[in-house]
Chemist: 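Dropping the structure in here first, questions after.
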Amino acid sequence: MAGVTRDGGASARGRVPLIAGNWKMNLDHLQAIAFVQKLAWSLKDARHDFGAVEVAVFPPFTDLRSVQTLVSADKLPIAYGAQDVSAHAPGAYTGEIAASFLAKLECGYVIIGHSERRTLHGETDDEVAAKTVAAIGAGIVPLVCVGETAEDLERHGASAVPLAQLEAVLESIPKGAEFVVAYEPVWAIGSGQAATPDQAQQVAAALRGAIAQRLGDDAAGGTRILYGGSVKAENIAGFMRQPDIDGALVGGASLDVEGFSAIVRYQKHVGV
Ligand code: 13P
């Protein structure tokens with residue numbers, strides 16, 4: 001396989017792999033402080049090279065200020081972000097959180113268009129695009145989620161829906177803006193049944209092709225594409241060996257410090 005190294009493919013092509021933990025609606029701010037502290041210790045003990053594999057956590061909104069305070073006081077090399085953002089500037093939008101507020105909390109990233117928001121909150125491709133624009137405008141890197149349901153998979157194959165979802169966003173992304181794509185097949189989320197590395201690679205390659213077509217080869221070559229859906233320490237290595245997969249968006253397994261830390265340290269069990 002072209003471009004694959006002993007460490008997995010991503011770093012060989014200049015894309016720093018990103019292992020991201022989406023906590024969803026888990027862990028309050030006190031639990032968040034304890035978790036991030038333990039994660040930092042665990043990775044430090046293991047001499048993790050944060051420059052080689054970036055680590056990010058996505059706690060609930062109410063935890064972000066606590067995480068910011070801890071990360072900045074202890075200078076922890078852990079990135080963090082929110083799980084959603086408003087498309088609007090500050091104003092009369094009860095319950096929403098503006099991108100500028102997240103920027104004030106020094107969030108590096110924000111997850112946008114997670115399938116749980118698309119399904120449970122009816123988020124449309126247009127809203128996902130508008131939120132992406134808002135994040136970029138505030139200097140936050142959007143982590144845009146795309147993925148097909150089991151029904152989509154049966155009807156249209158794996159790539160069609162994620163591609164259409166990504167294309168709807170690409171139209172709004174200004175040239176030169178950094179963004180991350182997470183391919184998360186809906187049927188693989190929380191099911192214990194991950195996609196195979198080959199399946200995920202095929203879709204990731206198609207997504208990269210769409211980025212190339214819309215924003216050019218440099219953007220396609222520099223954009224990280226993550227896989228998400230039942231990722232755990234036991235299966236991360238297979239995904240990271242794929243040339244177009246540059247990391248993972250981890251749900252359930254990101255809530256256990258040791259398990260998440262083992263996923264971050266996938267290079268130790270990628271077959272070297
Ligand atoms: P699981 O890792 O629990 O399948 O969740 C994936 C996910 O939705 C991450 O955003």
Side-chain angles (χ1 to χ4, degrees), residues 17-27 31-32 35 39 53-61 63-64 67 78-85 102 107-123 128 131-132 135 140-150 152-153 158 161-162 165-166 169 179-197 199-200 203-204 207 224-240 242 245-266:
L18 171 62
I19 303 293
N22 175 10
W23 294 2
K24 308 192 178 183
M25 198 171 74
N26 292 289
L27 306 184
Q31 294 169 315
F35 185 98
L39 178 64
V53 178
E54 191 182 355
V55 183
V57 293
F58 292 82
F61 285 125
D63 299 4
L64 287 171
V67 171
I78 293 177
Y80 57 90
Q83 299 170 14
D84 184 31
V85 65
L102 299 180
C107 288
Y109 296 96
V110 61
I111 294 173
I112 296 176
H114 190 278
S115 69
E116 283 148 22
R117 296 219 52 94
R118 292 180 190 261
T119 309
L120 303 173
H121 301 269
E123 263 183 33
V128 171
K131 289 178 174 194
T132 302
I140 301 170
V141 175
L143 201 161
V144 178
C145 300
V146 298
E148 81 288 358
T149 62
D152 295 332
L153 178 66
V161 167
Q165 288 173 337
L166 181 63
V169 175
F179 62 101
V180 177
V181 178
Y183 167 54
E184 298 205 303
V186 181
W187 49 267
I189 294 177
S191 66
Q193 198 198 343
T196 65
Q199 276 174 316
V203 179
L207 296 173
R224 291 175 293 181
I225 299 180
L226 316 184
Y227 168 77
S230 297
V231 170
K232 37 189 196 264
E234 293 75 24
N235 62 16
I236 181 68
F239 293 108
M240 296 310 294
Q242 304 304 316
I245 297 179
D246 309 313
L249 183 55
V250 186
S254 77
L255 296 171
D256 171 66
V257 171
E258 286 314 316
F260 187 58
S261 165
I263 294 172
V264 168
R265 292 179 292 112
Y266 70 89

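Order of listing sets the numbers, starting from 1, for every ligand and every atom in it.
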Chemist: Heavy-atom contact check, 4.0 Å cutoff: does Ser254 meet ligand 1?
Modeler: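 No heavy atom of Ser254 comes that close to ligand 1.
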Chemist: Checking side-chain polar atoms at under 3.5 Å, does Tyr183 have a donor or acceptor matched by the opposite partner on Gln165?
Modeler: no
Chemist: Tell me the protein heavy atom at minimum distance from atom 2 (O) of ligand 1, and give that distance in Å.
Modeler: Gly251 N, 2.8 Å
Chemist: Assess whether a salt bridge exists between Glu123 and Arg117, defined as any Lys/Arg side-chain N lying under 4.0 Å from an Asp/Glu carboxylate O.
Modeler: yes
Chemist: Under 3.5 Å, which donor-acceptor pairs do the side chains of residues 248-260 form with other protein atoms, sequence neighbours left out?
Modeler:
residue, atom, partner, partner atom, Å
Ser254, OG, Val250, O, 3.3
Ser254, OG, Gly251, O, 2.7
Asp256, OD2, Gly259, N, 2.6

Chemist: With a 4.0 Å cut-off on heavy atoms, is Gly229 touching ligand 1?
Modeler: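 Yes; Gly229 lies near enough to ligand 1 that a heavy-atom distance drops under 4.0 Å.
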Chemist: So do the side chains of Met240 and Pro17 get within less than 4.5 Å of each other, counting heavy atoms only?
Modeler: yes
Chemist: Please list, in number order, the atoms of ligand 1 under 4.0 Å from a heavy atom of Ala188.
Modeler: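 That gives atoms 4 (O) of ligand 1.
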Chemist: Going by distance alone, is a donor N or O of one side chain under 3.5 Å from an acceptor N or O of the other, for His114 and Glu184?
Modeler: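 Side-chain D/A pair, His114 to Glu184: present.
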Chemist: I'd like to know whether ligand 1 has Gly228 as a neighbour, heavy-atom separation below 4.0 Å.
Modeler: no
Chemist: Tell me whether Ser191 has any N or O atom under 3.5 angstrom from an N or O of ligand 1.
Modeler: no
Chemist: Counting C-beta onward and ignoring hydrogens, is there a side-chain heavy-atom pair between Leu64 and Leu102 closer than 4.5 Å?
Modeler: yes
Chemist: Ligand 1 versus Cys145, non-hydrogen atoms closer than 4.0 Å: side chain, backbone, both, neither?
Modeler: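 Answer for Cys145: neither.
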Chemist: Which option out of Glu184, Gln83, Glu116 puts a heavy atom nearest to atom 7 (C) of ligand 1?
Modeler: Glu184
Chemist: Measure the distances from the heavy atoms of Lys232 to every atom of ligand 1 and state whether one is below 4.0 angstrom.
Modeler: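 No heavy atom of Lys232 comes that close to ligand 1.
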Chemist: Looking only at protein heavy atoms, which one is nearest to atom 3 (O) of ligand 1, and how far off is it?
Modeler: Gly252 N, 2.8 Å
Chemist: Do Val180 and Leu226 come close enough that some side-chain heavy atom pair is under 4.5 Å?
Modeler: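 The answer is yes; the side chains approach within 4.5 Å.
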Chemist: Between Leu249 and ligand 1, which part of the residue brings a heavy atom under 4.0 Å of the ligand: side chain, backbone, both or neither?
Modeler: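 It is both backbone and side chain that touch ligand 1.
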Chemist: Compute the shortest N/O to N/O distance between Gly190 and ligand 1 and return yes if it is under 3.5 Å, no if not.
Modeler: yes
Chemist: Nearest 0.5 Å, what's the CH2-CZ distance between Trp23 and Phe35?
Modeler: 5.5 Å
